[in-house]
Each structure stands twice: as C-alpha cells, then as structure tokens.
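Report on the structure given below.
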Amino acid sequence: MMTAMMSVLVVMACVNTWLLWRVSAAAGKVERMSERVDGFGNALDLLADATESGFKDIGTRLTPPAPPEPAPVRNRVRRTNGSPRRGRTIAEIAAAEGISEGEAGLRQRLAKPRRAAAASAKA
C-alpha cells in the first residue's frame, strides 16, 4: 500500500512538473506577445502623429493666404487725389486701391475744392 501511495505521489509530482513547465512556456509566449503588441502600439502612435501633422500641413496650405496689408489711408488719399492728373480713370484708381468706384469718384469731387483753394493760396 505504501508503494502505491509513493507511486501516485511520484506520478502527481511528474504531472505537476510537466504542467509547471507548460505554464512557464506559455507565460514566455504571453510576454513575447505583449512586447509585440507594445511595438504595434508604438507604431500606431507614430503613424497617428505623422498623419495628424500631415493633415495640419495640408490644411495650412489649403487655407487662403492672409490679405496684404492695406496702404495707409493718408497715402491712399494722396494717390487717389493725384491719379487723375496722371491720366488714370476712376475705375483704374478704384481697382488699384481696392476701393469702390463710387468712393474713388467721391474723393475726386471732394479734392477739387481743396485743389482750387490750394492753387489760389499759392497765387
């Protein structure tokens, strides 16, 4: 009877050893799989960052550029008032200055009395 119990204990010890060996091998596989998943996660993060920066670059290139700074008003008034003497039409003045033709014409009409006053003051 004692021999049978010892045999059963030896068999159980062998089975436990074999199971422990299988579990440790599986744990190694799980660890390697975990490392691979971490690597894929890092690659996915890198891909997402690259894609995001690419979309930002494309977005900045697709947005229209900022309009140029308008000319100072004082210089615009001088150019607008002096242009008819240089042979430019009101439509050309308005297009060059970025103002409406009505505004350019109004500035011309308002400048005539000032020009006449300045001419009489010089004389």
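Quantities reported herein were computed from a predicted structural model and do not represent experimental measurements. Residue numbers run from 1 in the order of the sequence given.
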Any chance you could measure [X], atom [atom1], to [Y], atom [atom2], to the nearest 0.5 Å?
X: Met12; Y: Ser7; atom1: CE; atom2: OG; value: 12.5 Å
X: Glu103; Y: Ile93; atom1: CD; atom2: CD1; value: 12.0 Å
X: Glu101; Y: Glu92; atom1: CD; atom2: CD; value: 10.5 Å
X: Glu35; Y: Glu31; atom1: CD; atom2: CD; value: 5.5 Å
X: Asp49; Y: Asp45; atom1: CG; atom2: CG; value: 6.5 Å
X: Asp57; Y: Leu62; atom1: CG; atom2: CG; value: 11.0 Å

* Asked: Would Leu19 end up clustered with Trp21 when hydrophobic side chains under 4.5 Å apart are linked, directly or stepwise?
  ->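 Yes; tracing contacts between hydrophobic side chains, which count when under 4.5 Å, links both residues.
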
* By side chain to side chain contact (heavy atoms under 4.5 Å, CB included), which residues pair with Val30, not counting sequence neighbours? ->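 Result, side chain to side chain contact (heavy atoms under 4.5 Å, CB included) vs Val30: none returned.
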
